[in-house]
Amino acid sequence: MIHDKNGQHTALSGYLLIFFTVLAVFGVGCTPRFIEGTKIEDSDDTRDVIKVMETYRKAMESRDADMLIALTSKNYFEKNGDSNSKNNYDYEGLVKLLRSPEFRRISSLRMKIVYRNIDFSEKRDVVTVRYYYTSDFKMPPPAYDGEDDAVAKEEQDDNYDEEVWHSKNDDNEMILEKVEGKWYILKGM
């Protein structure tokens, strides 16, 4: 009990103590939760998006072209950041790439994604995922292209059957769109 200076119980002081205790408890309870290992707020929407991203990562690791295609929006369009429009491709171009001999040449792939942020559009039907990735992939060396470089030809002949590990790491941005309640990759694969 709280007493004033004459030893009398002060109701107002008791109410203030209760008020601040409740405020402290609810104030702590209202702090946002984050997805483990990130600074991304944990919500149903962000978990759904990360689930798609993790399915993408696993499909890449298993080189599952069918799963990657299933994750892709029919509106997919990739502009490869240069002025040559021949490097751009749409959904059909991505399907062709994923079914190409070059994609099938990858015999092993490991990929790690570190999520930076997830930004939803105002209607929450498009989301931009920014992340950092590292990938290690194994594939045969490129075929000798017939140039007059005798050293390259000799090296090619020496390791033609050997597979070589390659590494790539970079920041990336993937854009997804929600169609009939499900997220599909729109850009950035």
Side-chain angles (χ1 to χ4, degrees), residues 17-81 89-91 93-95 97-100 102-139 163-189:
L17 179 63
I18 292 170
F19 172 75
F20 286 117
T21 302
V22 169
L23 184 63
V25 169
F26 284 111
V28 171
C30 293
T31 57
R33 291 185 333 220
F34 297 101
I35 293 176
E36 186 177 336
T38 73
K39 293 181 181 178
I40 297 170
E41 191 170 334
D42 188 356
S43 70
D44 290 341
D45 289 338
T46 55
R47 274 186 261 121
D48 288 346
V49 168
I50 287 184
K51 184 177 178 183
V52 171
M53 293 294 297
E54 285 301 304
T55 302
Y56 157 77
R57 183 187 62 77
K58 290 174 186 175
M60 285 295 290
E61 287 185 335
S62 63
R63 288 141 354 265
D64 186 344
D66 292 332
M67 176 56 72
L68 291 167
I69 292 166
L71 291 170
T72 305
S73 168
K74 301 290 187 211
N75 300 317
Y76 189 90
F77 187 78
E78 190 69 51
K79 187 173 180 173
N80 276 321
Y89 53 93
D90 60 5
Y91 175 83
L94 178 66
V95 170
L97 177 69
L98 292 172
R99 299 210 184 282
S100 72
E102 290 81 14
F103 184 75
R104 289 193 304 265
R105 286 180 62 203
I106 300 169
S107 65
S108 185
L109 188 140
R110 293 184 303 247
M111 184 178 209
K112 181 179 178 184
I113 295 176
V114 177
Y115 299 99
R116 301 283 194 218
N117 61 29
I118 296 178
D119 294 319
F120 290 91
S121 67
E122 190 173 313
K123 292 182 180 180
R124 298 188 76 78
D125 60 345
V126 175
V127 65
T128 301
V129 180
R130 289 177 189 84
Y131 61 95
Y132 178 80
Y133 74 93
T134 58
S135 64
D136 298 305
F137 54 98
K138 189 175 179 182
M139 60 190 300
E163 292 191 329
V164 178
W165 280 100
H166 304 270
S167 293
K168 182 166 173 74
N169 55 345
D170 204 354
D171 287 309
N172 199 25
E173 178 177 282
M174 192 171 288
I175 299 174
L176 292 81
E177 72 173 340
K178 195 176 229 181
V179 177
E180 298 179 5
K182 189 173 177 188
W183 289 106
Y184 293 94
I185 299 169
L186 187 60
K187 179 184 181 299
M189 190 177 299

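Every residue two or more places apart in sequence or in another chain that forms a side chain to side chain contact (heavy atoms under 4.5 Å, CB included) with Ser62 is listed here: Asp64. Looking at residues two or more places apart in sequence or on another chain, you find a side chain to side chain contact (heavy atoms under 4.5 Å, CB included) between Glu41 and Pro32. Partners of Arg99 according to the salt bridge (charged side-chain N to carboxylate O under 4.0 Å, His left out) rule, which considers only residues two or more places apart in sequence or in another chain, are Asp66. By the side chain to side chain donor-acceptor pair (under 3.5 Å) test, Glu102 pairs with Ser100, sequence neighbours left out. Checked against side chain to side chain donor-acceptor pair (under 3.5 Å), Ser43 has the following partners two or more places apart in sequence or in another chain: Thr46. Remark: Asp171 engages Arg116, Tyr132 in a side chain to side chain contact (heavy atoms under 4.5 Å, CB included) (not counting sequence neighbours). Under the side chain to side chain donor-acceptor pair (under 3.5 Å) criterion, Thr38 pairs with no residue at all, not counting sequence neighbours. The side chain to side chain contact (heavy atoms under 4.5 Å, CB included) test applied to Ser73 returns Asn75, Glu177, Tyr184, Leu186, not counting sequence neighbours.
Here the straight-line distance linking atom CG of Leu176 with atom CZ of Phe120 works out to 9.5 Å at 0.5 Å rounding. Distance CD/Glu173 to NZ/Lys187: 6.0 Å, rounded to 0.5 Å. Of the inter-residue distances, the one linking Ile185 atom CD1 with Thr72 atom OG1 reads 5.5 Å to the nearest 0.5 angstrom.
Residue pairs meeting the side chain to side chain donor-acceptor pair (under 3.5 Å) criterion with at least one member in residues 47-58, sequence neighbours excluded: Asp42-Arg47, Asp44-Arg47, Glu54-Arg57, Glu54-Tyr115, Arg57-Glu61.
Using a 4.5 Å cut-off on side-chain heavy atoms (C-beta onward), Ile50 and Ile118 make contact. No side-chain heavy atom of Tyr133 sits less than 4.5 Å from a side-chain heavy atom of Asn169. Two residues are said to be in side-chain contact when any heavy atoms from C-beta on lie closer than 4.5 Å; Met60 and Phe137 fail this criterion.
Heavy atoms only, all atoms of each residue included: Arg124 and Trp183 are closest at O-CH2, 3.6 Å. Heavy-atom minimum distance, Tyr76 versus Gly188: OH-N, 3.4 Å. Nearest heavy-atom pair, Leu109 versus Met111, reported as atom, atom and distance to 0.1 Å: CD2-CB, 4.0 Å. Residues Tyr131 and Met174 approach most closely at OH-CE, 3.5 Å, considering heavy atoms. Contact detail for Leu97 and Phe103: the closest heavy-atom pair is O-CB, 3.5 Å. Residues Glu163 and Ser107 share a closest heavy-atom pair of OE1-OG, 2.6 Å.
For NZ of Lys138, the number of neighbouring non-hydrogen atoms (other residues, nucleotides, ligands) closer than 6.0 Å is greater than 12. Residue Met139 qualifies as enclosed at atom CE: its count of foreign heavy atoms under 6.0 Å is above 12.
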